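As structure tokens, the structure follows; a few thoughts come after it.
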Amino acid sequence: MANSAGRQGSSKSSIALIVILMLAIGIAALAWFNREPIQGYAGVSTSYAARVACSCRFVAGRDLVDCAKDKLAGMEMVSLSENPEAQSVTASIPFVNATTATNRAGYGCVLESWDS
């Protein structure tokens, strides 16, 4: 009987592992088949965040941490980083997209050129 209980425990953990693996494969497949819309939304989000944060930081003179508060709801995955020498802010979603906006005299903050 003790041997039977040991097999049940290991079979339950094997089933749990298989279920987790199947879920991971399912999520990866969904991400793969929806990569274009995901990249599109990421491009819009990072472009908006970079432009607004650059204007906040280098035109309004606020701290970047304070500027991060200006992100819209749903943009929690967008992270901001600045390059004070170039007067630019880069907004990124890790492994998906990054966009940089640079403060240009007479124009304000302008997005870098990017390929669609």
Side-chain angles (χ1 to χ4, degrees):
M1 283 212 163
N3 196 12
S4 174
R7 281 190 225 146
Q8 277 186 336
S10 68
S11 68
K12 285 182 182 179
S13 63
S14 297
I15 291 171
L17 183 61
I18 291 170
V19 168
I20 290 171
L21 185 60
M22 296 291 280
L23 284 172
I25 291 170
I27 290 170
L30 281 172
W32 175 258
F33 289 116
N34 292 300
R35 68 188 177 280
E36 287 184 32
I38 290 170
Q39 288 173 342
Y41 290 128
V44 169
S45 297
T46 56
S47 295
Y48 172 84
R51 165 70 180 71
V52 169
C54 177
S55 295
C56 172
R57 176 70 182 101
F58 297 109
V59 176
R62 292 167 48 200
D63 186 62
L64 189 63
V65 174
D66 189 45
C67 294
K69 297 174 189 173
D70 294 342
K71 293 188 295 186
L72 298 174
M75 296 179 67
E76 291 80 14
M77 291 185 67
V78 177
S79 62
L80 301 172
S81 62
E82 68 177 308
N83 181 341
E85 293 81 30
Q87 288 199 346
S88 67
V89 172
T90 299
S92 63
I93 297 176
F95 307 110
V96 180
N97 196 7
T99 305
T100 301
T102 304
N103 186 24
R104 301 201 193 287
Y107 295 98
C109 288
V110 180
L111 293 174
E112 284 186 1
S113 299
W114 47 276
D115 298 322
S116 55

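As the structure is a computational prediction, the values presented were derived from the model and not from experiment. We count residues from 1, following the sequence as given.
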Verify same cluster id: [X], [Y] (apolar side-chain graph, 4.5 Å):
X: Ile27; Y: Val19; answer: no
X: Leu64; Y: Phe58; answer: yes
X: Met77; Y: Tyr48; answer: yes

Would you indicate whether the side-chain heavy atoms of [Y] and [X] approach each other to under 4.5 Å?
X: Leu72; Y: Met75; result: yes
X: Cys67; Y: Lys69; result: no
X: Leu111; Y: Thr100; result: no
X: Thr90; Y: Thr99; result: no

Find the distance between [atom1] ([X]) and [atom2] ([Y]) and round it off to the nearest 0.5 Å.
X: Cys56; Y: Asp66; atom1: SG; atom2: CG; value: 6.0 Å
X: Arg57; Y: Asn103; atom1: CZ; atom2: CG; value: 10.5 Å
X: Leu30; Y: Ile25; atom1: CG; atom2: CD1; value: 12.5 Å
X: Ile18; Y: Leu21; atom1: CD1; atom2: CG; value: 8.0 Å

Please report the closest heavy-atom contact between [X] and [Y], naming both atoms and the distance.
X: Ala50; Y: Ala101; result: O-CB, 3.5 Å
X: Gly43; Y: Asn97; result: CA-ND2, 2.8 Å
X: Ala49; Y: Ala91; result: CB-CB, 3.8 Å
X: Lys71; Y: Val78; result: NZ-O, 2.5 Å

Flag the pair Arg62 and Asp70 as a salt bridge only when some basic side-chain nitrogen lies within less than 4.0 angstrom of an acidic carboxylate oxygen. yes
Determine whether the side chains of Arg51 and Ser47 contain a donor N or O and an acceptor N or O closer than 3.5 Å.
no
